[in-house]
Amino acid sequence: MLRATFLRPPVPELPEVETVRRTLDRGLTGRRIIEVTRIAWPRTIAEPDPEIFRDLLRDRLVTSIDRRAKYVIIRLDHDDALVVHLRMTGRLTLEQDGAEPDTHTHVAMRLDDGRQLFFRDTRKFGRIWLLDAAGLEVLHQQLGPEPLEDALTAEAFRTLLQRRTGRLKPILLDQKFIAGLGNIYVDEALWTARLHPLRRASSLDDDESDRLYHAIRQVLDGAITRRGTSFSDYRDALGEPGDNQNFLNVYGRAGQPCPRCGTAVERIVVGQRGTHFCPHCQPSDVD
DNA sequence: CATTACCTGCAA
DNA sequence: TTGCAGGTAATG
């Protein structure tokens, strides 16, 4: 039963993608992509068509690595960008010269220093786009605010929440509401804020809203510091796992004691997602 | 708002 | 052998 906790497949959310961005930045910024050497699962290339993608990615300079929500944005010359979403099991890694792609390596590129950029993805849900400036702008517009940026103040967050009528859990997973949270960090943030996942957003008072705002930032900051949460699939761009799995309070801990009060953590399903919370610390009665 | 599709590995 | 895990888009 303890094993089940650790075998639950966690997925890359904002802290994991940020960790990939940072580790990728060290080896990729300033390099040139010489050519795409492998497209083994063409559906991975969301846009443009794989043949055009390959043609456009010859001798392209990487100018910087950014992140938006759960997207890695590899900026190129001419204001283009390679945009990568890891979805469930995607990994973006820098590999040495001569490294051989395995069966799950769907895309590979050769760099001017002889190293390679691999995109590996067991579940094949991950996607890569090659976008121009206009395409990138569309992506930004489709996403809600970045939870860690100054532009999202506690006051702005309160206003956004009050406009919503639904339950906290699905709202926080909605990338148009706030961008970058997934199942792990929503559960952790709600536990930290002592809010039940089924509470209606519009029912929160100012103090509760502020608690949630700070909890989201605290949980994400802490996870970035620990270089992400790794159970099985997630690794950074250098292949290293993160440490945050050892600091989770409720996610994947059904039946185990709440670290704050000792009550057994419960698991319910909310909006088709496994949802973990402490029934004592996160009471449902206020609605 | 709920359901299904996309995929595979692994537990039951 | 079945079904679950979950990010997101597409579809009732």
Side-chain angles (χ1 to χ4, degrees), chain A residues 1-18 20 39-47 67-73 83-92 101-107 119-129 131 135 138-144 146-147 163-190 197-202 220 223 228-235 244-245 248 250-255 265 267-277 287:
Chain A
M1 332 172 163
L2 195 59
R3 283 167 56 82
T5 295
F6 294 99
L7 292 172
R8 200 179 300 282
V11 305
E13 305 180 27
L14 188 153
E16 290 73 30
V17 178
E18 176 61 21
V20 171
I39 300 179
W41 185 257
R43 299 178 75 153
T44 300
I45 309 302
E47 194 182 324
R67 178 192 57 75
R68 173 77 166 101
K70 303 174 193 172
Y71 295 85
V72 179
I73 298 178
V83 176
V84 181
H85 198 301
L86 304 172
R87 291 280 176 93
M88 314 291 295
T89 54
R91 287 192 205 175
L92 198 54
D102 64 13
T103 50
H104 298 305
T105 303
H106 308 311
V107 179
F119 180 75
R120 192 186 284 106
D121 186 9
T122 309
R123 301 281 293 278
K124 297 177 175 169
F125 288 171
R127 291 292 180 264
I128 302 177
W129 297 256
L131 300 179
V138 170
L139 175 73
H140 275 86
Q141 286 170 0
Q142 287 171 346
L143 292 165
E146 286 287 324
R163 279 194 218 137
R164 292 295 204 114
T165 56
R167 316 277 187 185
L168 289 177
K169 170 91 183 201
I171 289 171
L172 294 175
L173 285 171
D174 180 355
Q175 302 298 298
K176 291 194 260 315
F177 176 76
I178 190 166
L181 294 177
N183 214 31
I184 297 176
Y185 297 115
V186 167
D187 285 2
E188 292 298 310
L190 288 171
L198 291 175
R199 283 285 302 279
R200 293 201 176 272
S202 54
L220 294 177
T229 299
S230 301
F231 290 122
S232 53
D233 289 297
Y234 163 72
R235 293 294 185 276
N244 199 60
Q245 63 278 11
L248 298 178
V250 283
Y251 182 84
R253 299 188 70 249
V265 170
R267 183 184 185 278
I268 59 174
V269 175
V270 180
Q272 333 295 105
R273 310 297 178 85
T275 298
H276 315 75
F277 70 104
D287 197 7

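Numbered from 1 within each chain, the chains take letters A, B, ... in sequence-line order.
Residue A/Gln175 places no side-chain N or O under 4.0 Å from the OP1 or OP2 atom of C/dG7. Put simply, A/His85 has a side-chain N or O that comes within less than 4.0 Å of OP1 or OP2 on C/dT8. Between C/dT8 and A/Lys70, a contact under 4.0 Å exists linking OP1 or OP2 to a side-chain N or O. Distances shown here put a side-chain N or O of A/His104 below 4.0 Å from the OP1 or OP2 atom of B/dG9.
Taking atom CG on A/Leu14 and atom P on C/dG7, their separation rounds to 13 Å, with Å as the unit. Rounded to an integer number of Å, the gap from CE of A/Met88 to C1' of C/dA9 is 14 Å. Following rounding to the nearest Å, A/Asp174 (CG) and C/dA9 (C1') show an atom-to-atom distance of 13 Å. Look at CZ on A/Phe177: it is 17 Å from P on C/dG7, rounded to the nearest Å. Spacing between atom CG of A/Leu86 and atom P of B/dT8 amounts to 18 Å, rounded to whole angstrom units.
Each of A/Glu188, A/Lys169, A/Arg273 was compared with A/Asn183 under the side-chain hydrogen bond (donor to acceptor under 3.5 Å, both in side chains) criterion, and only A/Lys169 meets it.
Judged purely by atom type and a 3.5 angstrom limit, A/Arg127 uses its side chain to pair as donor or acceptor with the backbone of A/Arg43. In this structure, the side chain of A/Asp187 does not engage the main chain of A/Tyr251 through any donor-acceptor pair within 3.5 Å.
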(message) Walk me through whether A/Leu86 and A/Phe119 qualify under side-chain contact (heavy atoms from CB on, under 4.5 Å).
(response) CA-CA 9 Å; A/Leu86 304 172; A/Phe119 180 75; 3.8 Å; yes
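Considering only heavy atoms from C-beta on, A/Leu220 comes within 4.5 Å of A/Pro15 through its side chain.
Checked by atom type, the side-chain pair A/Asp121/A/His106 shows no donor-acceptor distance below 3.5 Å.
For A/Thr122, the listed nucleotide lying nearest its side chain is B/dT8; candidates were C/dA5, C/dG7, B/dT8.
To the nearest 0.5 Å, atom CG of residue A/Leu172 and atom CZ of residue A/Phe177 are 6.0 Å apart.
Across C/dT1 and B/dC7, the matching P atoms stand 22 Å from one another, rounded to whole Å. Of the P atoms belonging to C/dT8 and B/dG9, the separation is 22 Å, rounded to the nearest Å.
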(message) Protein within reach of the bases, or only the backbone? For nucleotides 1-6 of chain B, mark each nucleotide 5' to 3' as B, S or -, using heavy atoms under 4.0 Å.
(response) S-B--B
